[in-house]
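Take a look at the structure below.
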Amino acid sequence: MKPLFAKGPLLGARLLVLAVLCVTLMVVDARFDLLKPVRSQMGLVLTPFYWLADLPVRVWQRTTEQISSSTSLAAENEKLKAEALLMQRRLQKLAMLTEQNVRLRELLNSAALVDDKVIVSELIGLDPNPFTHRILIDKGAQDGVFVGQPVLDASGLMGQVVEVMPYAARVLLLTDVTHSIPVQVNRNGLRAIAVGTGNPDYLELRHVAETADIKEGDLLVSSGLGQRFPSGYPVGQVTEVVRGSGQPFAIVRAIPTAMPNRSRYLLLVFSDSRSPEERVTAAAKAQENADREAARQETQPSDATEAPATESASPAPATPAEAEGRP
């Protein structure tokens with residue numbers, strides 16, 4: 001027990017000396033600059049110990065940052081993938097809308113060239129029978145569609161209505177084997193009958209003499225002789241003429257100007273039921289009325305400018321013929 005009690009006063013004295021020394025050093029460091037070199041050297045010596053003491057904290061922070069960065073990058077990657085997929089869908093939709101816009105503009109341009117009244121319809125169905133070329137459109141009796149009505153797309157004549165329902169109609173295409181249409185060569189007026197072959201890529205012309213003036217590249221238009229299709233609509237273009245095959249007539253093939261396998265928007269034509277003489281008479285009357293209106297508008301300014309002069313000149317009384325404006 002005595003050694004322990006002997007060490008107690010010595011330990012307290014050491015602590016007191018160290019406390020006094022610390023206080024003295026703090027006062028000297030605060031009041032004077034004598035210890036700055038010593039503090040600098042001590043900091044240089046203790047820097048590795050600081051780095052080692054801070055290493056676990058920095059390792060933990062780096063690990064946490066990497067884990068959070070990987071998670072955030074994965075989430076951002078998934079988000080960007082979803083946005084890219086959405087943008088691709090929108091781009092596809094935009095491409096489809098662009099194509100539809102082009103086709104509709106073509107329809108509008110072709111409708112402007114057609115003299116008859118037309119309405120735009122959309123293809124909504126195809127006949128599943130591979131040997132029958134028929135389509136279903138979204139216009140019917142409620143829209144004024146009737147059996148035998150001509151149907152065309154932006155490129156040419158496509159077929160005719162064969163069945164009408166309240167809100168839909170079936171169209172028989174030109175390429176069907178049961179369909180035929182009177183045509184004529186646009187270059188020289190040569191008449192023929194174009195029939196469907198069951199192949200959507202070409203038509204055939206029947207009863208064309210071997211000596212007939214027809215050649216590749218000729219444009220075929222509807223002649224209007226069948227009292228079903230109005231005249232002047234493009235039907236096809238001649239691609240092959242075979243003569244001297246031992247047949248009484250030449251073999252003539254043509255590709256349809258319409259695109260039955262690609263067209264989605266179609267035009268339904270409401271033909272003018274008036275005769276050619278009635279159309280010519282109506283056109284002449286309309287032109288005469290337009291000329292009269294133009295002449296009246298031209299004479300109105302001159303009458304207004306001459307009114308003051310006539311009032312001041314006090315001319316002689318006008319005759320009844322002059323009052324009515326006749327010479």
Side-chain angles (χ1 to χ4, degrees), residues 102-103 105-116 118 123 126-127 130-135 148-162 171-269 271 276:
V102 171
R103 290 193 293 268
R105 286 181 179 273
E106 291 177 352
L107 280 174
L108 292 176
N109 292 334
S110 62
L113 300 177
V114 176
D115 296 332
D116 304 317
V118 295
L123 186 148
L126 299 173
D127 197 316
F131 302 103
T132 302
H133 294 185
R134 296 190 182 191
I135 59 175
Q149 185 172 13
V151 179
L152 61 151
D153 65 358
S155 302
L157 197 59
M158 194 167 178
Q160 60 176 308
V161 177
V162 294
V171 177
L172 182 67
L173 302 181
L174 295 179
T175 54
D176 190 88
V177 293
T178 61
H179 193 282
S180 61
I181 175 176
V183 297
Q184 64 183 16
V185 178
N186 193 46
R187 177 173 56 87
N188 53 19
L190 177 68
R191 293 186 294 272
I193 302 295
V195 298
T197 61
N199 189 331
D201 294 331
Y202 67 91
L203 305 170
E204 285 188 356
L205 269 62
R206 297 287 178 84
H207 309 140
V208 178
E210 290 190 358
T211 58
D213 183 13
I214 186 171
K215 58 184 179 180
E216 295 182 6
D218 281 342
L219 178 64
L220 304 176
V221 297
S222 57
S223 63
L225 297 180
Q227 302 297 321
R228 179 62 59 90
F229 297 97
S231 61
Y233 290 107
V235 175
Q237 187 174 13
V238 178
T239 57
E240 184 181 4
V241 179
V242 180
R243 294 184 173 91
S245 59
Q247 301 293 331
F249 301 102
I251 300 175
V252 182
R253 294 186 177 91
I255 58 173
T257 55
M259 295 178 288
N261 289 337
R262 287 176 286 178
S263 296
R264 185 176 182 87
Y265 297 96
L266 310 175
L267 291 174
L268 294 168
V269 182
S271 303

- Might you work through the side chain to side chain contact (heavy atoms under 4.5 Å, CB included) test for L219 and T257, ending with a clear yes or no? CA-CA 9 Å; L219 178 64; T257 55; 4.1 Å; yes
- Query: Step by step, would you call R243 with E210 a salt bridge (charged side-chain N to carboxylate O under 4.0 Å, His left out)?
  - Reply: CA-CA 6 Å; R243 294 184 173 91; E210 290 190 358; over 6 Å; no
- Query: Yes or no on side chain to side chain contact (heavy atoms under 4.5 Å, CB included) for D176 and T132, after CA distance, side-chain angles and deciding distance?
  - Reply: CA-CA 6 Å; D176 190 88; T132 302; 3.8 Å; yes
- Task: Take Y233 and V269 through the side chain to side chain contact (heavy atoms under 4.5 Å, CB included) test and state the conclusion after the steps.
- Result: CA-CA 11 Å; Y233 290 107; V269 182; 3.3 Å; yes
- Task: Just do the side chain to side chain contact (heavy atoms under 4.5 Å, CB included) check on R228 and Q160 with the steps written out, would you?
- Result: CA-CA 9 Å; R228 179 62 59 90; Q160 60 176 308; 2.6 Å; yes
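Remark: the backbone N or O of G156 is paired with a side-chain donor or acceptor of D153 at under 3.5 angstrom. Using modelled atom types, no side-chain atom of E204 and backbone atom of G196 make a donor-acceptor pair closer than 3.5 Å. Of the possible polar contacts, one joining the T197 side chain to the Y202 backbone as a donor-acceptor pair under 3.5 Å is found. Although no hydrogens or angles enter the test, the distance criterion places a donor-acceptor pair under 3.5 Å between the side chain of R187 and the main chain of D213. A donor-acceptor pair under 3.5 Å links the side-chain atoms of H133 to the main chain of G198, judged by distance alone. Formation of a donor-acceptor pair under 3.5 Å by the S180 side chain with backbone atoms of A194 is not found in this model. Panel note: side chain D218, backbone K215; a donor-acceptor pair is recorded below 3.5 Å.
Residues I181 and S222 meet the side-chain proximity criterion, which asks for heavy atoms closer than 4.5 Å. Using a 4.5 Å heavy-atom threshold, the side chains of L203 and V183 count as separate. With a 4.5 Å cut-off on side-chain heavy atoms, N199 and T175 do not count as touching. With a 4.5 Å cut-off on side-chain heavy atoms, N261 and P200 count as touching. Between S231 and S223 there is no side-chain heavy-atom pair separated by less than 4.5 Å. For the pair V252/V238, a side-chain contact is recorded, criterion being any heavy-atom separation below 4.5 Å from C-beta on. Counting heavy atoms from C-beta outward, V195 and L174 have side chains that stay 4.5 Å or more apart. A 4.5 Å side-chain heavy-atom check between F249 and R206 finds every atom pair outside the cut-off.
For the side chain to side chain contact (heavy atoms under 4.5 Å, CB included) with L205, the lone residue among L220, I193, V241 that qualifies is L220.
The shortest heavy-atom contact between S155 and A258 is CB-CA, 4.1 Å. Annotation for M158 and P260: closest pair CE-CA, 3.3 Å, computed over non-hydrogen atoms. Considering all non-hydrogen atoms of both residues, A212 and L190 come closest at CB-CD2, 3.7 Å. Across every non-hydrogen atom of V221 and V235, the tightest pair is C-CG2, 3.9 Å.
Within the model, atoms CZ of R264 and CE of M259 stand 14.0 Å from one another, a figure rounded to the nearest 0.5 Å.
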